[in-house]
Amino acid sequence: MKASASKRALSLLLSLLMIVPAFTSCAQNNAEDETAANDSSVPSAEEETVAEEETEKPYRDNLPETMDFGGADIRFLSAEEKISIEIDDETDTGDLVNNAYWQRSEALKGRTNANVVLASQVGYGNLTNVATQSITAGSDDYDVICGHTRFNMALAASNYMLDLNKHGFTDYIDISQSYWSDLYISNVNYKDHLYWLAGDMTHSFIAYIYAMFVNATLWNNLYPGESIYDVVLEGNWTLDTLNQYADGTYIDLNGDGTYDDNDSYGVIMQQGHVLNGMVFAADIQYTGIDADGNYTAALNSEHTVDAFNKLHTLFYSTDYGRMLENAAFDGTCVTMFTGDRLLFCPNTFGFTSNEKIRDMESDFYVIPLPKYDDTQENYRVNQYDGVPIYGAPTTIAEDKIPMIASVLEAMCSMTSDMVIPVYYDMALKNKYSRDQTTAQMIDLIHDSITADFCFYWGDSLVGMMGFFYENIQNAEIASKLKSMEKAWNKALGRLLDKLEGNG
């Protein structure tokens, strides 16, 4: 799918237009240099550089450069997140990301004279119970709760989490800064209530982004001379295009006449959270807004039914597409992909951290998950539902809030500057991906992230979050959607009443 002549002409015109300001800028700079040479009052370039270095802030946040909290501990209760909170090994392990966290932790301690401590780590399935028991007992056990979005965010609806906007946290925490994800934060919270924070506190925020991995050996054998990147950049990467390229790829390698893990496929899918990534990419909306500006449950729509039918057909009515059970997906997709038996593999960026993927002989491409069709304006990307979220229990002492808030702000800012570049730029772009175009594609994916309130609160809305992977095997979905709509909106109303009154 090559660009048309008109597109090439437009690109040339744009390139020419970009040259004009460049020449103008050069002319202006030359004139300014001549003026400066004849005017001793104009500082030299060297003097300006020194002045900038003297005034440049060491950190992006607006906190003081140094703070002194008397060596106090900031105690975290965490579900899955660990490395970004407390490093076990203080020596040089050779792992770039681990070492970056260690350096950040040392710098954070030196800057704040406070210790970030992992007081307790429990599975996400137990964290809500552990936090609830501590908070209802009035115990001063934890200063920060770091939860799994899907399974632990409901602590806010139970009135166990402080509304950070109402308790002075935002005097120190600036969520407008780029190291916080304003998009994610606005979609896990409600209106101006702020219970949970998320962003560059951890590299998991990036590692949990969904993408499509393409086996380059298979692609180049099947489609020599074609560029999958061109397909994406021209806006033509859709569910229909995926079908087109995956069609004809199935091979019964062991000749047993059955579709099994030993065969070769075009695309496989997890009957679990990865399917949610495909749903978001197809522009399915979980949350609507009515005429009064209130949230509504919007999943029951004609578009949802159409997208569902496309996905169901792909994975249940073709030989080249295969649906795998949740637990079997991770291991099977790695084995197939590294064995050159899988053309398209949907997964998160964290897929590239797998040792077998890093060591595979074949190259691979990274692209967004496909759009619904070519009328969809933009690619849409979401994240695994377990993105770490950070909040404060209602049991913390008011006089500790300046310290806790300051450490959280500094921690996020410094992680963004010291760790995220190591993971994102060095690991994803330079180590795992093999060329500059892949790096460009990763930027496109990252810039396409979206979020949705009802999706993230889906477990409080009668199973809305898991609706697709619980029903994808069914041939018909319209009646099921219609039957659930009333229950979803009723549950949504109760949830919003709780969030409105808590904190």
Side-chain angles (χ1 to χ4, degrees), residues 59-64 67 69 74-78 81 112 114 116 128 131-132 134-135 138 140 142-150 152-202 205 287 289 292-295 387-413 415-416 451-457 460 492-503:
Y59 306 108
R60 278 190 291 157
D61 57 66
N62 294 316
L63 297 171
M67 295 163 275
F69 294 116
I74 312 297
R75 302 157 302 166
F76 280 67
L77 167 64
S78 179
E81 187 65 22
T112 63
V116 173
T128 294
T132 298
S134 174
I135 295 167
D140 181 24
Y142 311 109
D143 301 305
V144 179
I145 294 177
C146 174
H148 175 293
T149 297
R150 174 181 181 180
N152 305 134
M153 65 190 301
L155 286 165
S158 300
N159 202 21
Y160 296 146
M161 307 300 297
L162 287 181
D163 185 337
L164 308 183
N165 273 332
K166 295 180 179 179
H167 292 271
F169 276 79
T170 49
D171 291 340
Y172 309 90
I173 294 175
D174 183 1
I175 61 173
S176 69
Q177 294 278 11
S178 60
Y179 42 83
W180 295 110
S181 174
D182 181 63
L183 177 71
Y184 200 89
I185 290 171
S186 66
N187 278 280
V188 297
N189 294 289
Y190 178 59
K191 292 186 177 179
D192 61 347
H193 299 276
L194 181 62
Y195 302 105
W196 296 111
L197 302 167
D200 286 352
M201 288 280 276
T202 167
F205 193 81
T287 307
I289 300 178
D292 297 322
N294 300 313
Y295 283 164
V387 166
I389 48 177
Y390 302 79
T394 54
T395 48
I396 64 171
E398 289 284 334
D399 61 1
K400 294 178 68 176
I401 286 176
M403 175 182 68
I404 297 169
S406 295
V407 170
L408 286 175
E409 176 76 353
M411 187 175 173
C412 191
S413 166
T415 303
S416 183
D452 188 294
F453 179 87
C454 285
F455 173 78
Y456 288 115
W457 282 93
S460 299
L492 177 60
R494 290 196 299 266
L495 171 63
L496 298 182
D497 286 344
K498 289 181 179 180
L499 294 175
E500 190 75 65
N502 289 348

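As a basis for the values below, the full set of heavy atoms in this structure was taken, side chains included, without hydrogen atoms, waters or symmetry mates.
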Problem - Over all atoms of both residues, closest heavy-atom pair of Leu194 and Asp163 - result: N-OD1, 3.0 Å
Practice task
To the nearest 0.5 Å, tell me how far Asn152 CG sits from Thr128 OG1.
Solution key: 4.0 Å
Problem - Inter-residue atom distance Lys400.NZ - Arg75.CZ, 0.5 Å rounding - result: 4.0 Å
Practice task
Taking the side chain as every heavy atom from C-beta outward, state whether Met403 and Met67 have any atom pair closer than 4.5 Å.
Solution key: no
Practice task
Identify the heavy atoms of Pro393 and Ile135 that sit nearest to each other, and give their distance.
Solution key: CB-CD1, 3.8 Å
Practice task
Could you tell me whether the side chain of Trp196 reaches within less than 4.5 Å of the side chain of Leu155, counting heavy atoms only?
Solution key: yes
Problem - Met201 side chain near Leu408 side chain, heavy-atom distance below 4.5 Å - result: yes
Exercise for the section: Would you indicate whether the side-chain heavy atoms of Val116 and Phe76 approach each other to under 4.5 Å? Expected result: yes
Problem - Nearest non-hydrogen partners of Leu164 and Ala392, listed with the distance - result: CD2-CB, 4.2 Å
Exercise for the section: Please report the closest heavy-atom contact between Ala410 and Leu63, naming both atoms and the distance. Expected result: N-CD1, 3.7 Å
Handout entry: Pair Thr202-Tyr390, side chain to side chain contact (heavy atoms under 4.5 Å, CB included): steps then yes or no
Key = CA-CA 11 Å; Thr202 167; Tyr390 302 79; 3.5 Å; yes
Exercise for the section: Go through the steps for Trp457 and Leu492 under the test side chain to side chain contact (heavy atoms under 4.5 Å, CB included), then give the verdict. Expected result: CA-CA 9 Å; Trp457 282 93; Leu492 177 60; over 6 Å; no
Exercise for the section: Could you walk me through whether Ile289 and Phe453 pass the side chain to side chain contact (heavy atoms under 4.5 Å, CB included) test, one step at a time? Expected result: CA-CA 11 Å; Ile289 300 178; Phe453 179 87; over 6 Å; no
Fill in the blank from the handout: Between Thr287 and Cys454 the two heavy atoms that sit nearest each other are OG1-N, 2.8 Å
Handout entry: Minimal non-hydrogen separation, Ala114 against Ile74, with atom names
Key = CB-CG1, 4.5 Å
Problem - Point-to-point distance, once rounded to the nearest 0.5 Å, from OH of Tyr190 to OH of Tyr195 - result: 10.5 Å
Handout entry: Asn62 side chain reached by Gln177 side chain, heavy atoms, under 4.5 Å
Key = yes
Problem - Reported CZ-to-OG1 distance for the pair Phe205 and Thr415, which is rounded to 0.5 angstrom - result: 13.5 Å
Handout entry: From Ile389 atom CD1 to Glu81 atom CD, the distance as rounded to the nearest 0.5 Å
Key = 12.0 Å
Practice task
Quick one: do Ile401 and Phe169 satisfy side chain to side chain contact (heavy atoms under 4.5 Å, CB included)? Show the steps, please.
Solution key: CA-CA 7 Å; Ile401 286 176; Phe169 276 79; 3.7 Å; yes
Handout entry: Residue pair Glu409 / Asp174, side-chain heavy-atom distance below 4.5 Å
Key = yes
Problem - Test item: Asp143 side-chain N/O and Ile404 main-chain N/O as donor-acceptor pair under 3.5 Å - result: no
Completion exercise
Rounding to 0.5 Å, atoms CZ (Arg60) and OG (Ser416) come to a distance of 3.5 Å
Exercise for the section: Answer yes or no: is there a donor N or O on one side and an acceptor on the other, between the side chain of Thr149 and the main chain of Val387, under 3.5 Å? Expected result: yes
Problem - Check: Ala198 main-chain N/O paired with Trp180 side-chain donor or acceptor under 3.5 Å - result: no
Problem - Heavy-atom side-chain proximity of Ser406 to Phe69 below 4.5 angstrom - result: yes
